[in-house]
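The block underneath contains the structure these notes are about, expressed in structure tokens.
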Amino acid sequence: MKREIFVGGVGIGADHPVSIQSMTNTAAQDVESTLKQIRQLKNAGCDIVRVAVPAKAALPAFRTIAARSPLPVIADIHFDASLALGAIENGAHGIRINPGNIGGNEKLKAVVRMAAQSKIPIRIGVNAGSLEKKYQRTGLARPEAMVASLLDKIKFIEDQHFFDLKVSLKSHDVRETVAANRLADRSCPYPLHLGVTEAGTFFSGSIRSALGIGSLLLDGIGNTIRVSLTANPVREIRVARQILAAAGLSRSGVEIISCPTCARTSVDLIPLVAEFEKKIARLQFRGRVRVAIMGCEVNGPGEAGDADVGLAFSRRHGFLFKKGRIVARTDADGGLARLVEMLREMQEEKVHG
Ligand code: SF4
């Protein structure tokens, strides 16, 4: 089990659930747009948000954002230790630095000292693309070189008696990311933040992230995750939640089980499932619910027997089932509405019962 840290009120490591992060992509000095995006991220299920502080001019805006944000805010800093100091002074709930590009050991010491005084954690991020030259020349394979760099930085920071650390090892190469994190998991006691960096567009990036992050989560590795996509950050949260659900780690939400359709399919299932996904996107769920939508009543209820609730179709009817047992019948057109109604009732029971 990893050491426990807190970013604002969000616990990380120990036995805390895996938390979801994203990063705003609004202009650094545009307070209102940034706060609006943070609220959207929160509504989508994000736990912690990262905001880049690219220059000193962004610090006043950062101060307001950190104070008014409904999520804990981590300041993302590169190249300039004074920006890390400024972000901490201006209310960051955590900072993310790459110790290799922060300007040398004395500057790193100053950042660590101020984080300790302000009682906020530091994430040390080592990225394959910006690995320090001396580690590139070691002759080690890249995952090993990344971990060597990380362990040296950890040692230096621990020597300052600072232990509120989280670490990340990212590469755009999925295998490299997985290998480096497996190694780091065995080598250090700090929580791990997982992500495949610069993963790509919504479609390909989601697949690469699911493969990389998912492989590690299935090994029991990882305490926070970020799906990094060339897309609206809110979409990152949707993908992150699906990855957690598929790994059996989600705390709430709907997991949809739907069949791929075949010659037995009795209705136009594909748009029906898409419509269902849209309908439930606005519902807030307490706990996890598995919902099945299947194209025929012959195989449907049996194939989706472990779903909490489901719908299977014949040409004329929709059959609603719970745990594989048929509990109601509607006409085919009314099946979806009844399924959504059943879900609402189940949620009501959870709230009141
Ligand atoms: S559940 Fe029925 S319709 Fe769907 S793929 Fe299986 S056999 Fe075909």
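These numbers come from the heavy atoms of this one structure, side chains and all, not from hydrogens, waters or symmetry mates. Ligands are counted one by one from 1 in listed order, and the atoms in each one are counted from 1 as well.
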| query | So is Arg3 actually on top of Tyr190's ring, under 6.0 Å and inside 45° of the axis? | reply | no
| Please state which protein non-hydrogen atom is closest to atom 8 (Fe) of ligand 1 and give its distance, to 0.1 Å? | Cys262 SG, 2.3 Å
| said: Is Cys259 close enough to atom 4 (Fe) of ligand 1 that one of its N, O or S atoms comes in under 2.8 Å? | reply: yes
| field | Short side-chain to backbone donor-acceptor contact, Asn223 and Leu192, under 3.5 Å | value | yes
| task | Run through Glu176, Glu198, Arg142 and flag the one making a side chain to side chain donor-acceptor pair (under 3.5 Å) with Ser171. | result | Glu176
| task | Identify, for atom 3 (S) of ligand 1, the protein heavy atom at the shortest distance, and state residue, atom and that distance. | result | Thr265 OG1, 3.4 Å
| request: Number the atoms of ligand 1 from 1 as they appear, then name those within less than 4.0 Å of a heavy atom of Gly295, with their elements. | output: 3 (S), 4 (Fe)
| Within the side chain of Asp308, is there an N or O that forms a donor-acceptor pair under 3.5 Å with the backbone of Arg290? | yes
| said: Regarding Cys296, does it place an N, O or S atom less than 2.8 Å from atom 2 (Fe) of ligand 1? | reply: yes
| Check: His317 main-chain N/O paired with Ser314 side-chain donor or acceptor under 3.5 Å | yes
